[in-house]
Asks: 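Submitted below is the structure of interest, expressed as structure tokens.
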2 protein chains.
Amino acid sequence: MITSTEEDYIKAIFNISQRGKKELVGTNQIASQMSTSAASVTDMLRKLDKKEMIIYEKYKGVKLSPLGTIKAMTLLRKHRLWESFLVEKLGFAWDEVHDIAEQMEHIQSTELVNRLDKYLGYPKFDPHGDPIPDAQGTITIRNQVSLSSLQTGDKGMVVGVKKHDKDFLNHLNQVGINIGTELEIILKYDYDQSIKLNINNSNEALLTAAVCENIFLKKFS
Amino acid sequence: MITSTEEDYIKAIFNISQRGKKELVGTNQIASQMSTSAASVTDMLRKLDKKEMIIYEKYKGVKLSPLGTIKAMTLLRKHRLWESFLVEKLGFAWDEVHDIAEQMEHIQSTELVNRLDKYLGYPKFDPHGDPIPDAQGTITIRNQVSLSSLQTGDKGMVVGVKKHDKDFLNHLNQVGINIGTELEIILKYDYDQSIKLNINNSNEALLTAAVCENIFLKKFS
DNA sequence: AATTATATTTAGATTTGTCTAAAAATAAAG
DNA sequence: CTTTATTTTTAGACAAATCTAAATATAATT
């Protein structure tokens, strides 16, 4: 059996290796991601290595084993399906569901996850636009670009966000940006890469480069 | 904060005190209910006493404090709402949901529970016929009698069961008994109190006294 | 009331996950 | 190619929840 804590480490390793370019993940990276000490991480890496969830080489770093990767995909699947449930069925806002889903993803029952998936109509993306792995662990890749990469005159529709914390999502709510929102770049300032844009053909807004980096769009060709 | 383990102890104490006549619950009772040692129970009782969840007197026994009672009702509410969700929305059978709900009841979020309650239409009883406490902890009492107490000729409708384990519920499935099933006592044998009955005005079945004890009915006057 | 039986608690040890501080290995800089 | 800085691991300790075995308290029985 895998404990809830072990699952959290697997998830952290997966997340870090997704966003970084490097093959191996470092002890300190995991420690800061999980707000714990490097020593605790080392202890856990030993344990996960013995359980064959990771490939671990002292002082070098760590990566998920095939078994660990499957575990990570299952956790991602559960997390994103529960987020979808909370938003679609219970009416939560997209900035309220992360912490609850964080608890629900640890519930052990394959049957439960698969029935939930069916009940939700086999969604391909969660409320933040992240792809939901299917029962086989397969993910639907979408043709998306960062808002940062668009230029003056470009148009597109918001399909996802990179950050999931309350503060960031709340800011988007205030500006009027959501999944499905249509954007048109009125002007991109060379000075600081901030972007003035038109939202759903009505409001205007100015976004900093830091915000733009975290918004994904499907570009209208 | 209350840990998941502490919650399990609170639930056990509540359950034992419900089914027994005595005011105080003993250490050994809790130990056997939770499949653990008496020594572990003593340790935990100290802890729960310090947290003012229980009233504990060495060698005498234990009972829930007002705070502990509220905790127990909340857990019951969560457990039964999740069981309802699993059966009503995800299509699980009533004998498959206990273990999953046992995990889900530990999820911390009052908002989640209340939204779930609303989503389910504020049900008063769960799939086993047990009453679901509302947000204030109030329980709807139902006018029910044990099948054991009925006599030849009596009629009634099944509204609940006392045992929730898979084997027992599976047996009822096989016999054709469910919540809502109508029963008529054809004959109650004096010898061993076993009962021959008619199910939904069609099939016949013979139930032992041990089984009858665990079935609750609303008696037709 | 003394003795036996049962129930409960204490003592001491174990496991899991965590910590701080110190040591060792690797990477970076001169 | 040393020296310095950074990263990682080890050593030792702690809190939570558990265990077994031994001691103590309560209940039951003669």
Side-chain angles (χ1 to χ4, degrees), chain A residues 1-13 15-17 19-64 68 71 75 102-103 105-106 108, chain B residues 1-13 15-17 19-64 68 71 75 102-103 105-106 108:
Chain A
M1 257 311 283
I2 189 169
T3 71
S4 191
T5 314
E6 286 166 0
E7 288 190 333
D8 287 336
Y9 275 94
I10 293 289
K11 252 189 72 179
I13 295 168
N15 286 334
I16 295 166
S17 70
R19 66 163 169 270
K21 56 228 83 188
K22 300 223 181 62
E23 164 95 21
L24 293 178
V25 173
T27 304
N28 263 347
Q29 285 180 288
I30 301 171
S32 90
Q33 164 93 357
M34 301 200 51
S35 317
T36 186
S37 72
S40 302
V41 174
T42 302
D43 291 342
M44 183 54 88
L45 293 184
R46 274 233 189 64
K47 204 174 149 199
L48 289 174
D49 185 65
K50 197 155 63 189
K51 289 197 178 185
E52 303 195 308
M53 311 282 291
I54 60 173
I55 319 283
Y56 170 51
E57 273 191 281
K58 270 171 71 166
Y59 292 104
K60 293 291 179 65
V62 78
K63 68 178 178 186
L64 292 179
K71 244 295 150 208
L75 284 167
E102 203 81 356
Q103 298 179 65
E105 74 191 1
H106 294 300
Q108 303 292 351
Chain B
M1 257 311 284
I2 189 169
T3 71
S4 190
T5 314
E6 286 166 359
E7 288 190 333
D8 287 337
Y9 275 94
I10 293 289
K11 252 189 72 178
I13 294 167
N15 287 333
I16 295 165
S17 69
R19 67 162 168 269
K21 57 228 81 186
K22 301 223 180 61
E23 163 95 21
L24 293 179
V25 173
T27 305
N28 263 347
Q29 284 179 287
I30 300 170
S32 90
Q33 164 93 357
M34 301 202 49
S35 317
T36 187
S37 71
S40 303
V41 174
T42 302
D43 290 343
M44 182 55 88
L45 292 185
R46 275 234 190 64
K47 203 175 149 197
L48 289 174
D49 185 64
K50 198 157 60 187
K51 288 197 178 185
E52 304 195 306
M53 312 283 290
I54 60 172
I55 318 282
Y56 170 51
E57 274 191 280
K58 272 173 70 168
Y59 292 105
K60 292 291 179 65
V62 78
K63 68 177 177 186
L64 292 180
K71 244 296 152 207
L75 283 167
E102 203 80 357
Q103 299 178 67
E105 74 192 0
H106 294 300
Q108 303 292 352

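As the structure is a prediction and not an experimental result, all values here were calculated from the model. Proteins get letters first, then strands, A, B, ... in listed order; numbering begins at 1 in each.
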Asks: Quick check on A/Lys51: does its NZ atom have over 12 non-hydrogen neighbours (other residues, nucleotides or ligands) under 6.0 Å away?
Replies: yes
Asks: Let me know, please, whether B/Lys60 or A/Ala38 comes out on the 5' side of the other along DNA chain C by nearest nucleotide.
Replies: B/Lys60
Asks: Which whole-number value in Å describes the distance from B/Met44 CE to C/dT8 P?
Replies: 17 Å
Asks: Which heavy-atom pair separates A/Ile10 from A/Gly68 by the least distance, and what is that distance?
Replies: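 Closest approach of A/Ile10 to A/Gly68: CG2-O, 3.7 Å.
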Asks: Take the protein atom OH of A/Tyr9 and the nucleotide atom P of C/dT16, then report the distance between them rounded to whole Å.
Replies: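 Going from OH in A/Tyr9 over to P in C/dT16 covers 14 Å.
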Asks: Is any side-chain heavy atom of A/Leu48 closer than 4.5 Å to one of A/Val62?
Replies: no
Asks: Can you measure A/Leu45 atom CG to D/dT8 atom C1' for me and round it to whole angstrom units?
Replies: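 These atoms are roughly 10 Å apart.
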Asks: Spell out, as yes or no, whether a donor-acceptor pair under 3.5 Å connects the side chain of B/Ser40 to the backbone of B/Thr36.
Replies: no
Asks: Does A/Lys58 reach the side chain of A/Thr42, with side-chain heavy atoms less than 4.5 Å apart?
Replies: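 The answer is no, as the side chains (C-beta and beyond) never meet within the 4.5 Å cut-off.
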Asks: Keeping the roles fixed (side chain from B/Asp49, backbone from B/Leu45), state whether a donor-acceptor pair exists under 3.5 Å.
Replies: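 Here the side-chain-to-backbone pair does not exist.
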Asks: Just how far, in rounded Å, is P of D/dT7 from CD of A/Gln29?
Replies: 10 Å
Asks: For the CD atom on A/Gln108, are there more than 12 heavy atoms of other groups (residues, nucleotides or ligands in this structure) within a distance under 6.0 Å?
Replies: yes
Asks: So what does B/Thr5 touch, heavy atoms closer than 4.0 Å: a base, only the sugar-phosphate, or nothing?
Replies: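 Touches sugar-phosphate only.
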Asks: Please state whether the phosphate of C/dT16, meaning OP1 or OP2, lies under 4.0 angstrom from any side-chain nitrogen or oxygen of A/Thr3.
Replies: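 A/Thr3 to C/dT16 OP1/OP2: no side-chain N or O under 4.0 Å.
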Asks: Given that both pair distances must be under 3.5 Å and the pair must be Watson-Crick or G-U, what runs of three or more consecutive pairs involve DNA chain D?
Replies: C:1-30 with D:1-30
Asks: How many whole angstroms separate atom CD1 of A/Ile16 from atom P of D/dT7?
Replies: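 It is 14 Å, rounded to the nearest whole Å.
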Asks: Just checking B/Thr27: base, sugar-phosphate only, or nothing, at a heavy-atom cut-off of under 4.0 Å?
Replies: sugar-phosphate
Asks: If you find the nucleotide of DNA chain C closest to A/Met34 and the one closest to A/Tyr59, which residue's nucleotide is nearer the 5' end?
Replies: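 It is A/Met34, whose closest nucleotide lies nearer the 5' terminus.
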Asks: Measuring to OP1 and OP2 of D/dT8, would you say a side-chain N or O of A/Asn28 lies under 4.0 angstrom away?
Replies: yes
Asks: Counting side-chain heavy atoms from CB outward, which of D/dT18, C/dT18, D/dA21 is closest to B/Ala39?
Replies: D/dA21
Asks: Looking at C/dA7, C/dT9, D/dT9, which one has an atom nearest to any side-chain atom of B/Tyr56?
Replies: C/dT9
Asks: Counting heavy atoms from C-beta on, name the nucleotide in C/dT9, D/dT18, D/dT9 closest to the side chain of B/Thr42.
Replies: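 Of the options given, the side chain of B/Thr42 lies nearest C/dT9.
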Asks: Please determine whether a side-chain nitrogen or oxygen atom of A/Thr36 lies at a distance below 4.0 Å from atom OP1 or OP2 of C/dT18.
Replies: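 Indeed not, no polar side-chain atom of A/Thr36 lies that close.
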Asks: For B/Asp43 and D/dT20, give me the distance from atom CG to atom P, rounded to whole Å.
Replies: 13 Å
Asks: What is the distance, rounded to the nearest whole Å, between atom CD1 of B/Ile30 and atom P of C/dA7?
Replies: 14 Å
Asks: Which whole-number value in Å describes the distance from A/Lys22 NZ to C/dA27 P?
Replies: 11 Å
Asks: Compare all side-chain heavy atoms of A/Val41 with those of A/Tyr9 and state whether any distance is below 4.5 angstrom.
Replies: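 Of all side-chain heavy-atom pairs linking A/Tyr9 with A/Val41, at least one is under 4.5 Å.
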